[in-house]
Amino acid sequence: MRCAVLDDYQAVALAMADWSGLDVTAYQEHFDDHDQLVDALKDKQIVVIMRERTPFPAALFQRLPELKLLVTSGMRNASIDLAAAAAHGVTVCGTASTSTPPAELTWALILGLARHLVTENTALRANGPWQSTVGIGLAGKTLGLAGFGKIGVQVARVGRAFGMNVIAWSTNLTADRTEPEGVQLVTKQELLSTSDVLSIHVVLSDRTRGLIGADDLALMKPSALLINTSRATIVDQDTLVDALRDNRIAGAGLDVFTQEPLPADDILRTLPNVLATPHLGYVTDNNYRTYFREAVQNIQAFLAGAPVPRVL
């Protein structure tokens, strides 16, 4: 069977696992055009996708009658129409994934914003002014977490190590989960109004889409930083852009966007108080090895007629 690996941006998929014995084509380019995507996949029975980089809606399954197995990295992929996959006889499975890399990137964004690293590094390389900014010290400041799952807990532990006061809120969060971590449970209003750094760590769902809207952003301090390494639409994007453009909050560290790759003319590429990365939260060597090695394991099981591991 022929296999395609989509969105292999770094051209590392084939080196991260042993694909021997498999007819594999890895595509570095992202297919924005639906017809081009179908043309690339029309003779493939197996497709490996990286998280939600390329959505698989019902319309795509309809145009890929050869497709038998779809493997996604991770065990959660909201861009796959699982009902359509089942209707077309396509098995969908995933891989393990670790929550450590997104927590680490969250802190890269926080520190990069707080200490103006991009501005100062750019000036240093261009022989510009020697020191032009005043950084924000984190010790004694309040770190607010919207969501307190695996990633939120890791971010909280680092915040406490920096000497920050850490608070958290989500719809069903209880004090018996936060108190053992030295984290104070607060209301949503308290979270927004008292956080010096607000970091988003909830899963995107119908309940959390638009969770942070205009009224919520209006509660934030003008000096506050907002960090989002979860999903873009948890925060109302138009309102966020307005708040950043009008300096109603001090800055934002963003790793996720409503459209990815981010369009070349998107305003988020140009706002001076935005530190943005191209959805790198899970992009680490260890995660990639896990993704592609387990993808190969899934494919081998499928070809052998054995139960496929990690079916979604």
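Note that the structure is predicted; figures quoted are calculated from it, not measured.
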Heavy-atom distance under 4.5 Å between the side chains of Gln45 and Leu69, does that happen here? no
Should Arg2 and Glu66 count as an ion pair when the cut-off is N to O under 4.0 Å? no
Check: Asp7 side chain, Met50 main-chain N or O, donor-acceptor pair, under 3.5 Å: no
Is the shortest side-chain heavy-atom distance between Phe31 and Thr54 below 4.5 Å? no
Check this for me: does any side-chain nitrogen of one of Lys42 and Asp35 sit under 4.0 Å from a carboxylate oxygen of the other? no
What's the verdict on side-chain contact (heavy atoms from CB on, under 4.5 Å) for Val5 and Phe292, showing C-alpha distance, side-chain angles and the deciding distance? CA-CA 10 Å; Val5 179; Phe292 294 120; 4.1 Å; yes
So, do Leu312 and Met75 sit near enough that their side-chain heavy atoms are less than 4.5 Å apart? yes
Salt-bridge criterion met for Glu260 and Arg53 (N-O under 4.0 Å): no
Any donor-acceptor pair under 3.5 Å linking the side chain of Ser230 with the backbone of Val202? yes
Any chance you could lay out the side-chain contact (heavy atoms from CB on, under 4.5 Å) test for Leu204 and Thr233, step after step, and finish with the verdict? CA-CA 8 Å; Leu204 178 63; Thr233 52; 3.5 Å; yes
Determine whether Leu192 and Ile212 make a side-chain contact, defined as any pair of heavy atoms from C-beta on separated by less than 4.5 Å. yes
Under 3.5 Å, is there a donor-acceptor pair between the side chain of Asp8 and the main chain of Ala26? no
Between OG1 on residue Thr194 and CE on residue Met220, distance to nearest 0.5 Å: 10.0 Å
Neighbour count above 12 (heavy atom, 6.0 Å) for Arg115 CZ: no
Nearest 0.5 Å, what's the CG-OG1 distance between Leu70 and Thr91? 9.5 Å
With side-chain contact (heavy atoms from CB on, under 4.5 Å) as the test, would you mind laying out the steps for Leu22 and Cys3 before giving the verdict? CA-CA 7 Å; Leu22 299 173; Cys3 174; 5.6 Å; no
With rounding to the nearest 0.5 Å, note down the distance linking CD1 in Ile46 to CG in Leu67. 9.0 Å
Heavy-atom distance under 4.5 Å between the side chains of Arg63 and Phe61, does that happen here? no
Decide whether a cation-pi geometry holds between Arg177 and Phe148; the criteria are a distance under 6.0 Å from NZ or CZ to the six-membered ring centre and an angle within 45° of the ring axis. no
Is it the case that the side chain of Asn273 and the backbone of Leu244 share a donor-acceptor pair, with hydrogens and angles ignored and the cut-off at 3.5 Å? yes
What's the separation between atom CG in Leu6 and atom NZ in Lys44, rounded to the nearest 0.5 Å? 9.5 Å
Assess the side chains of Tyr282 and Ser97: does a donor N or O sit below 3.5 Å from an acceptor N or O? no
Roughly how far, to the nearest 0.5 Å, is CD1 of Ile80 from CZ of Arg51? 10.5 Å
Passing option when Leu111 is tested against Thr106, Ile136, Leu138, Leu275 for side chain to side chain contact (heavy atoms under 4.5 Å, CB included): Leu138
Between the main-chain N or O of Leu145 and the side-chain N or O of Ser199, is there a donor-acceptor pair closer than 3.5 Å? no
Using 4.0 Å as the upper bound for N to carboxylate O, is an ion pair formed by Arg245 and Asp242? yes
Flag, side chain of Thr187 to backbone of Glu190, donor-acceptor distance under 3.5 Å: yes
I want to check something: taking the side chain as every heavy atom from C-beta on, are Thr277 and Leu109 in contact at a cut-off of under 4.5 Å? yes
Checking Leu82, Leu64, Asp81, Asn77 against Phe56 for side chain to side chain contact (heavy atoms under 4.5 Å, CB included), the one that qualifies is Leu64
Close side-chain approach of Thr229 to Leu254, heavy-atom, < 4.5 Å: no
Please answer whether the main-chain N or O of Arg269 pairs with a side-chain N or O of Asp266 as donor and acceptor at a distance below 3.5 Å. no
Treating Ile, Leu, Val, Met, Phe, Trp and Tyr as nodes and any side-chain heavy-atom pair under 4.5 angstrom as an edge, say whether Phe257 and Val283 lie in one connected cluster. no
Residue pair Ile227 / Val197, side-chain heavy-atom distance below 4.5 Å: yes
Spacing of NE2 belonging to His30 relative to OH belonging to Tyr9, to within rounding of 0.5 Å: 5.0 Å
